[in-house]
Amino acid sequence: MTRSAYGEIMVPIAVVKRGPGPTVLLMAGNHGDEYEGQIALAKLIRTLEPEQITGRVIILPAANLPAAMAGTRVSPIDGGNLNREFPGNADGQPTSRIAHYIDSVLLPMCDGFHDLHSGGASLQYLPFASMRHSGDAELDKRSLAALRAFAPPIAIIWAFSGAGTYAASAANARKVANLGGEFGGSGIVDRSGVALVEGGIRRFLAHFGILPKDAAPPAAGSPRLMEIKGKHYYVYAPDHGLFEPAVELGQDVAAGQLAGHVHFIDNPAREPVPCRRRALGRVERGDCVFHLATDLKT
Ligand SMILES: [Zn+2]
């Protein structure tokens, strides 16, 4: 903002279109340090040909470009967390303007939207795709059908609304069937996460009739449907220190089971503090160390 007075941020966007038909927006780089979606969408831009499709695919592989270029969760230019900026402001800071463009220009064109995330530098996930309850049963039905079509091994339903400033909140307000998902994390690139995104987005496009069914790889099986019911599914560090997990990612756990201990390296004689209710090694009080999901009863 200081370096270039009239400078513009050239956020890359690709549109592949053939004839009338549905429109889907595929987005990654909402958080800059979440890489699997960015890679999969860059590959899709180079390989998707107009003659393969019916309708329109809009691809935004690095939505918060300054954050993606810096490999950081939020923008180094204005400190903006794009996924807390929706619906955005046309006259705001750069991150808020990006949110405003997605919400007011792109989403109104769309039948479907996928916002691809990962755990970033501070979280590690088993790859999963997800949807968030909107309060509109008809819209939720459309999003759930798209989630089943994406066919991840684990499908999570966020059964609480969360902040109203997510990209998902904007898509829900626009009545666009939408998915999210966390396809890796820990600041690395998870090969299985990239493969899941690459296959899943083709099945997602086929679900909307944009790609023929035989242009999408078959699903490995039916997803394990799980839900996250509220903030009580999150486990927080009770103190600062080094977190030693007591359970593995993806392990079945019971209520009240020990999650790990926080060790005090500056005072090794002090007994570690148990944490009951991973990714970050060094934790501060209030950091999320685990979050949980339960099988959805259908
Ligand atoms: Zn994210």
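Just follow the structure's listing: the first ligand is 1, and inside any ligand the first atom is 1.
Within a radius of less than 2.8 Å around the Zn ion (ligand 1), the protein N, O or S atoms are His31 ND1, Glu34 OE1, Glu34 OE2, His117 ND1.
Proximity of the aromatic rings of His291 and Tyr125 is defined here by a centroid distance below 6.0 angstrom, and this criterion is met.
By the 4.0 Å N-to-carboxylate-O rule, Asp239 lies close enough to Arg270 to be salt-bridged with it. Between Glu36 and Arg191, no side-chain nitrogen of the basic residue sits less than 4.0 Å from a carboxylate oxygen of the acidic one, so the salt-bridge criterion is not met.
The only member of Ile45, Leu60, Ile59, Leu25 that meets side chain to side chain contact (heavy atoms under 4.5 Å, CB included) when paired with Ile13 is Leu60. Exactly one residue among Leu48, Thr54, Val57, Val24 makes a side chain to side chain contact (heavy atoms under 4.5 Å, CB included) with Leu211. That residue is Leu48.
Not one N or O on the side chain of Ser96 forms a donor-acceptor pair closer than 3.5 Å with the backbone of Gly88.
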